[in-house]
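Input: a single structure, listed below in structure tokens.
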Amino acid sequence: MCIWNTHDGRCIRQIADPDSAQMLCCTFQPINNNLTVVGNSKHNIHGVNISTGKKVKGGSSKLTGRVLSLSFDSAGRILWAGDDRGSIFSFLFDMATGKLTKAKRLVVSEGSAITSISARSWISREARDPSLLVNACINKLLLYRVVDNEGALQLKRTFPVQQMSHALGSIFCPLMSFRQGACVVTGSEDMCVYFFDVERATKAIVNKLQGHSAAVLGVSFNCDESLLASSDAKGMVIIWRREQK
């Protein structure tokens, strides 16, 4: 794991995987940025102290497959982890000790990799419930409702996206406002970027960006949504500017 200075691009710290395995994903603990959680190819997740580079005692657990995706809720109390066998696990995170306790497991689709997980405490004025956005290799983008304080999930709706093999990612639009509707953005294996309105019952696609020549793997907004970055399987990154209305 590399910690980067975003101002000048310098790598300021490197931390090896605790199991000396391939480190496949990592995420900051949102309340304590000295703690991260990493997921690896040996099916393990570990809490890691950035200052010491050491594992957190009691902060490790095993999944059913290679750990590909991680996301905390905004309060930092629930962690979701997705693996390459189609399962999403929820864990309770002890803020005082860093201990992880396995809570719930959902099998999204047996054998289909969970390549991206994003959590949001609420999406819009019409959807005030906590939500989880998930990419799985089943040609669908999945939106789940978080139904209890242990991170249990209930499927809310799906959106059509080409994904059967690539590690695609998706995001909620970052501005949590009281505007009408709410959007999510995802990459796709058809070389496009899609915007979906999660509250629109029909014709949920509100925008489609074309310009890549390979599967679009990653999407990321800047903080005020004026710029969107997308990356593809050939190594191309495109920066898109929002049209001024």
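Computed from a prediction, not measured in an experiment: that's the story for all the values here. If you read the sequence from its start, that first residue is 1, and numbering goes on from there.
When the side chains of ILVMFWY residues are joined at heavy-atom separations under 4.5 Å, either directly or via intervening members, F159 and V206 end up in two distinct hydrophobic clusters. No continuous path of hydrophobic side-chain contacts links I88 to V107 [ILVMFWY only; heavy atoms under 4.5 Å]. Residues L92 and V146 share a single hydrophobic cluster, defined by chaining ILVMFWY side chains whose heavy atoms lie under 4.5 Å apart. Both F172 and Y194 are assigned to one and the same hydrophobic cluster, defined by single-linkage of ILVMFWY side chains at heavy-atom distances under 4.5 Å. By the rule that hydrophobic residues join a cluster once side-chain heavy atoms approach within less than 4.5 Å of another member, M164 and V161 end up as members of separate clusters.
For the pair K102 (side chain) and S61 (backbone), a donor-acceptor distance under 3.5 Å is absent. Using a distance-only test at 3.5 Å, with no hydrogens or angles considered, a donor-acceptor pair links the side chain of N40 to the main chain of N44. In terms of modelled atom types and a separation under 3.5 Å, the side chain of D148 and the main chain of A152 share a donor-acceptor contact. At distances below 3.5 Å, at least one donor-acceptor pair connects side-chain atoms of N34 with backbone N or O atoms of S51. Of the possible polar contacts, one joining the D83 side chain to the G65 backbone as a donor-acceptor pair under 3.5 Å is found. In this structure a side-chain-to-backbone donor-acceptor pair under 3.5 Å is present from R13 to I50.
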What do the steps show when you test S230 against H212 for side chain to side chain contact (heavy atoms under 4.5 Å, CB included), and what is the final call? CA-CA 9 Å; S230 57; H212 286 280; 2.7 Å; yes
Do W240 and V219 pass the side chain to side chain contact (heavy atoms under 4.5 Å, CB included) test, and can you show the C-alpha distance, the side-chain angles, and the key distance before you say yes or no? CA-CA 11 Å; W240 310 85; V219 286; over 6 Å; no
Mind running salt bridge (Lys or Arg N to Asp or Glu O under 4.0 Å) on R85 and E110 for me, showing each step along the way? CA-CA 6 Å; R85 305 252 178 110; E110 195 72 48; over 6 Å; no
Trace of the side chain to side chain contact (heavy atoms under 4.5 Å, CB included) decision for E189 with S165: CA-CA 9 Å; E189 290 177 358; S165 59; 3.5 Å; yes
For side chain to side chain contact (heavy atoms under 4.5 Å, CB included), just list the numbers for N33 and L35, CA-CA rounded to whole Å, side-chain angles, deciding distance to a tenth of an Å, and then say yes or no. CA-CA 5 Å; N33 275 346; L35 289 177; over 6 Å; no
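We find that K234 and D232 are not joined by a salt bridge, their nearest charged nitrogen and carboxylate oxygen being 4.0 Å or further apart. A salt bridge is defined here as a Lys NZ or Arg NE, NH1 or NH2 lying under 4.0 Å from an Asp or Glu carboxylate O, and K156 with E199 meets this definition.
Minimum heavy-atom separation, L143 to L155: O-CD1, 3.7 Å. Between S170 and N135, the shortest heavy-atom distance links the atoms OG-OD1, 2.6 Å. Nearest heavy atom pair, residue G76 against residue P30, reads CA-CG, 3.6 Å. Nearest heavy-atom pair across G151 and S90 is O-CB, 3.9 Å. The two atoms that bring V48 and P18 nearest to each other are CG2-CG, 4.1 Å, heavy atoms only. For the residue pair A119 and W80, the shortest heavy atom distance occurs at CB-CZ3, 3.9 Å.
Going from atom CG of L24 over to atom NZ of K42 covers 12.0 Å, rounded to the nearest 0.5 Å. One distance of note links CE of M1 with OG1 of T36; it measures 3.5 Å at 0.5 Å rounding. For the atom pair CG of N139 and CG of D190, the computed distance is 10.0 Å after rounding to the nearest 0.5 Å. Expressed to the nearest 0.5 Å, how far CZ of R10 lies from SG of C2 amounts to 13.5 Å. One finds the CG atom of L100 at 12.5 Å from the CD1 atom of I78 (value rounded to the nearest 0.5 Å). For the atom pair K104 NZ and S87 OG, the distance stands at 15.0 Å (nearest 0.5 Å).
Annotation: side chain of Y144 is in contact with side chain of L106 (closest heavy-atom distance under 4.5 Å). In this structure, the side chains of R66 and Q22 come closer than 4.5 Å at one or more pairs of heavy atoms. In this structure, the side chains of F221 and C173 come closer than 4.5 Å at one or more pairs of heavy atoms. In this structure, L70 and I117 have side chains that are not in contact, with every pair of non-hydrogen atoms separated by 4.5 Å or more. The side-chain heavy atoms of F91 and I45, taken from C-beta on, include a pair separated by under 4.5 Å. In this structure, V184 and F195 have side chains that are not in contact, with every pair of non-hydrogen atoms separated by 4.5 Å or more. In this structure, the side chains of F93 and Q29 come closer than 4.5 Å at one or more pairs of heavy atoms. Contact of the V216 side chain with the L168 side chain is not registered, since no non-hydrogen atoms from C-beta on lie closer than 4.5 Å.
Using modelled atom types and a 3.5 Å distance limit, the side chains of D17 and H46 yield no donor-acceptor pair. Judged purely by distance below 3.5 Å, without hydrogens or angles, the side chains of T186 and Q163 never pair a donor atom with an acceptor atom. Residues T64 and H43 have side chains that never bring a donor and an acceptor to within less than 3.5 angstrom of each other.
No more than 12 heavy atoms of other residues, nucleotides or ligands sit less than 6.0 Å from atom NZ of K54.
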